[in-house]
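Everything below concerns the one structure shown next.
The model shown is predicted, which means the values in this text are computed figures rather than measured ones. Just so it is clear: chains get the letters A, B, ... in the order the sequence lines come, proteins before strands, and each one is counted from 1.
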Amino acid sequence: MSIVNRIKPIIADVISRQYNQTVTAADLTINSTKPEFTGDYTLVLFAFVKSLKKSPEQLGQEIGDSLLKAEPALFASYNVIKGFLNLVIADQFWLDFLNTGYDNQDFGKKPADGRKKMVEYSSPNTNKPLHLGHLRNNFLGWSVAEIMKTNGHTVYKTCISNDRGIHICKSMVAWLRYANGATPASTGSKGDHFVGDYYVMFGNVMKKEIAALIESGLSKEDAEKQAPIMKEAQQMLVDWESGDEAVNNLWKTMNAWVYSGFEITYKRIGSDFDKTYYESQTYLLGKKAVEDGLAKNVFYKKEDGSVWIDLTADGLDEKVVQRKDGTAVYITQDIGLAEQREQEFGCEQTFYVVADEQNYHFKVLKLIAEKLGIPGASGITHMSYGMVELPTGRMKTREGTVVDADDMIEEMVNVARQKTEELGKVKDFSEAELKELYDIIALGALKFFLLRVDPKKRMIFNPEESIDFHGFTGPFIQFIHARIKSILRKEAPVKSADAGSGLLPAEKSLIIKLEQYPTVVEQAATEYNPSLLAIYCYELAKAYSSFYTEHSVLTAESAEKKQLRLRLSQLTGIVIAKGMALLGIKVPERM
RNA sequence: GGUCCCGUAGUUCAAUGGAUAGAAUAGAAGUUUCCUAAACUUUAGAUGCAAGUUCGAUUCUUGCCGGGACUACCA
């Protein structure tokens, strides 16, 4: 149990008895003591001033005295400043914590609780390569899943591949028209990029065709409807749905190209899935949901045959759930898929890692699922995250302002190589070792950059300035880990010896930070927010860095101090490695 | 028009209603005979505007200004 959770009931009990009031642990506000004051944790007293009818200063003195009396082994001293009771935890508590757990590889890990969760993330379209926005999605989804696993849950990672529809037909049409049979192999390009180029080409050609039609006298609206290439794509979608063999073969071929490209990227960034669903296989599931909804009078049919749901009572709109031609719309497919997955996995909660532009969509989705009485409907959770933008605004495929994922990674690797060569600290590394190190640093920098920000918030990526390996970055934390490993290679802590008596400030700050790790993991899991863990890892590394500069480990003042610092180093190394692993970031032995 | 989100140092990000609003980076000044200087230390710099609730507001409420998303028989 964490120290904060341990002292809370003690304090609540002391207050309750002393003032004859019912105060529970949940009523207490306990913060880390600000560095400019003396203390480890601070109780905020203002909340009790009114009900107990005493001044904050007096309250603080009385509670502080009682705590020292009640738990002399736990509280060393206290001081009261304004409405804050600053508590100093006894050194012996911190030393016991360190000496019993300094080599615990499972620190922060909870036992399995049998609760099942699903995280659906990544979910790409198979008509273009992944970009920076997809990377945020992939890193967030993967990390949240791993954090929840460490928090004791059983987690399934899934992916829905948006592999059919008009957007897929667009790249197919362009390929048919202009490729002359070219393939990724014949052009030496990566499959997803190859197909993506034709998707872009489609847009360019359509723009020209529309312009020509407008020139010949058509209105903009009509021109957009009548552009020949668009009509071809629409016809192709109809053909695809009717099972046309040629179209289906082309579709299979081009999707296979894209998947071969995705596989390379996924492997490199570490994304993995327990199950991948394909829209081409699930898009008909919505039909059953529609019948169901009509039978339950949740949906209603208009004269033209289209099916709707009225959500105005819930503050939303009327939404169409099936077109008049009987085909399913996107949201209905989602309902069908949700139902199927519930039957397959039976998770109490399903996280959809999808950008916040779809907030409305998921509000509607959950409402419909609930009204239909689909099991697990209440567990539908939109893990909404903000989009990644450039300093110039939103990334747009058509305007070529998209930051490609593969290019991005490559550039980070180049910077990692350049910096590493400049520093010249790993000249004895083999080619393979260097390559691995560059990847670790490059992806560490990229993942940390995207994960350190609160997922809910939009973030700006500046290509010129965002690639940094100094300060609040992944490579800084990796560097601290390498330093720790360098010490531990020379000498590791000894199991038997008991270490330390008093704690110096830098030692204590570090140990307090270490003790918080399980609490941070738990919080990151319940709030599904990896940035809490990223910030924590940085603060821990920073605390170690200051400690390292101020005190020598291997040539400590005494054998006892050396043992203490070796243990501090070892536990810090473990927590950094474990914490970063939950973000999908590896840490090197040397760098 | 309607619904929702966001405005914090030059820049990118923090801050369960609590102490003098924290970091990083860019700026200024230092630190290496000593476990890896991708480091450490010091310094300067910010809550869009106006009211309200509160002992206390970056946080809650309202208005204004500025930015964004959604509001398709698209996915």
Side-chain angles (χ1 to χ4, degrees), chain A residues 29-31 33-37 42 44-47 49-50 56 81-84 86 125 162 164-168 279 283 302 304-308 315-317 319-331 333-334 355-361 363 384 386-387 389 391 393-394 416 419-420 422-423 425-426 441 445 449 452-454 456-462 465-466 468-480 482-491 523 527 531-532 535 538-539 541-542 545-556 565-566 569 590-591:
Chain A
T29 301
I30 292 182
N31 300 328
T33 303
K34 298 222 165 204
E36 57 267 38
F37 302 101
T42 296
V44 182
L45 299 162
F46 297 107
V49 171
K50 255 185 195 165
I81 296 171
K82 294 198 223 169
F84 301 91
N86 300 321
N125 291 337
N162 300 114
R164 53 138 256 138
I166 190 72
H167 54 298
I168 307 299
E279 192 196 330
Y283 79 107
K302 287 194 177 175
D304 64 2
S306 57
V307 182
W308 296 71
L316 305 176
D317 307 303
K319 299 293 295 182
V320 69
V321 293
Q322 181 171 289
R323 301 188 188 96
K324 64 184 171 199
D325 63 4
T327 56
V329 296
Y330 184 63
I331 197 150
Q333 300 172 29
D334 270 5
D356 61 8
E357 60 183 351
Q358 294 200 37
N359 285 353
Y360 183 77
H361 172 84
K363 238 186 238 174
S384 172
M387 312 248 263
E389 292 177 13
R394 218 171 143 170
K419 298 260 179 199
T420 304
E422 273 172 25
L423 292 167
K425 290 192 271 193
V426 288
I441 294 172
F449 181 83
R452 67 180 205 184
V453 180
D454 184 338
K456 289 188 289 297
K457 297 194 176 170
R458 268 188 292 166
M459 64 185 296
I460 294 179
F461 180 84
N462 184 333
E465 294 171 13
S466 297
D468 196 350
F469 292 177
H470 301 271
F472 186 19
T473 66
F476 168 78
I477 301 167
Q478 291 172 324
F479 169 67
I480 300 305
R483 265 185 163 176
I484 290 170
K485 281 311 178 88
S486 174
I487 291 174
L488 294 176
R489 271 194 299 275
K490 294 186 175 80
E491 188 167 347
Q523 199 187 350
E527 295 177 22
S531 76
L532 299 174
I535 292 166
Y538 171 71
E539 287 174 347
K542 181 93 179 154
S545 196
S546 297
F547 155 81
Y548 175 97
T549 307
E550 197 173 336
H551 304 294
S552 178
V553 176
L554 295 177
T555 54
R565 290 178 190 163
L566 282 171
S569 300
R590 292 175 55 195
M591 71 183 275

Would you tabulate the nitrogen or oxygen pairs shorter than 3.5 Å linking the protein to nucleotides 67-73 of chain B?
| unit_1 | atom_1 | unit_2 | atom_2 | d |
| --- | --- | --- | --- | --- |
| rG67(B) | N2 | R458(A) | NH2 | 3.2 |
| rU71(B) | O2' | D317(A) | OD2 | 3.4 |
| rC73(B) | O3' | R323(A) | NE | 3.2 |
| rC73(B) | O2 | K324(A) | N | 3.0 |
| rC73(B) | N4 | D304(A) | OD2 | 2.2 |
| rC73(B) | N4 | S306(A) | OG | 3.2 |

Any-strand Watson-Crick or G-U partner of rA72(B), both distances under 3.5 Å: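 Base partner found: none.
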Find the distance [X]:[atom1] to [N]:[atom2] and express it as a whole number of Å.
| X | N | atom1 | atom2 | answer |
| --- | --- | --- | --- | --- |
| F37(A) | rU20(B) | CZ | C1' | 8 Å |
| H551(A) | rC34(B) | NE2 | C1' | 15 Å |
| F472(A) | rC13(B) | CZ | P | 11 Å |
| K456(A) | rC4(B) | NZ | C1' | 15 Å |
| Q523(A) | rA14(B) | CD | P | 14 Å |
| M459(A) | rC5(B) | CE | C1' | 17 Å |
| R590(A) | rC35(B) | CZ | C1' | 14 Å |
| L423(A) | rU36(B) | CG | P | 14 Å |

field: Is_stacked (F84(A), rA19(B)) at 5.5 Å, 30 deg
entry: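 A stacking contact exists, since F84(A) sits close and nearly parallel to the base ring of rA19(B).
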*Any salt bridge between D304(A) and K302(A), counting N to O under 4.0 Å?*
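Judged by the 4.0 Å cut-off on N to carboxylate O distance, D304(A) and K302(A) do not form a salt bridge.
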Whether [X] side chain and [Y] backbone form a donor-acceptor pair below 3.5 Å:
| X | Y | result |
| --- | --- | --- |
| S466(A) | N462(A) | yes |
| T549(A) | S545(A) | yes |
| R323(A) | V329(A) | no |

Is [Y] close to [X] at the side-chain level, that is, under 4.5 Å between some pair of heavy atoms?
| X | Y | result |
| --- | --- | --- |
| T42(A) | F37(A) | no |
| F469(A) | Q478(A) | no |
| Y548(A) | I484(A) | no |

| request: In whole angstrom, give me the gap between the P atoms of rA39(B) and rA46(B). | output: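 Taking atom P in both rA39(B) and rA46(B), they lie 26 Å apart.
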Would you mind telling me which residue lines up with the more 5' stretch of RNA chain B, I30(A) or N359(A), judged by nearest nucleotide?
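Per heavy-atom nearest nucleotide, the more 5' residue is N359(A).
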How do D454(A) and G165(A) order along RNA chain B: which one's closest nucleotide is nearer the 5' end?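 Residue closer to the 5' terminus by nearest nucleotide: D454(A).
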Look at all strands and tell whether [X] reaches a base, only sugar-phosphate, or nothing, counting heavy atoms closer than 4.0 Å.
| X | result |
| --- | --- |
| I441(A) | base |
| D334(A) | nothing |
| I460(A) | sugar-phosphate |
| K425(A) | base |
| V453(A) | sugar-phosphate |
| T42(A) | base |

Dump the pairs, protein N or O against N or O of nucleotides 30-33 of chain B, anything under 3.5 Å, distances to one decimal.
none

Q) Can you find an N or O donor on one side and an acceptor on the other, under 3.5 Å apart, linking the side chain of N86(A) with the base of rA19(B)? A)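 When only heavy-atom distances are counted, N86(A) does reach the base of rA19(B) through a donor-acceptor pair under 3.5 Å.
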### Message
Between the base of rA38(B) and the side chain of T473(A), is one N or O donor paired with an acceptor at under 3.5 angstrom?
### Response
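Result: no qualifying N/O pair found.
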Whether each nucleotide of nucleotides 39-45 of chain B has a protein heavy atom under 4.0 Å at its base (B), only at its sugar-phosphate (S) or at neither (-) is summarised, 5' to 3', as SSS----
- Under 3.5 Å, is there a donor-acceptor pair between the S384(A) and N359(A) side chains?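 N359(A) and S384(A) do have a side-chain donor-acceptor pair below 3.5 Å.
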> Do H167(A) and N162(A) have a side chain donor and acceptor closer than 3.5 Å?
Replying inline: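 N162(A) and H167(A) do not have a side-chain donor-acceptor pair below 3.5 Å.
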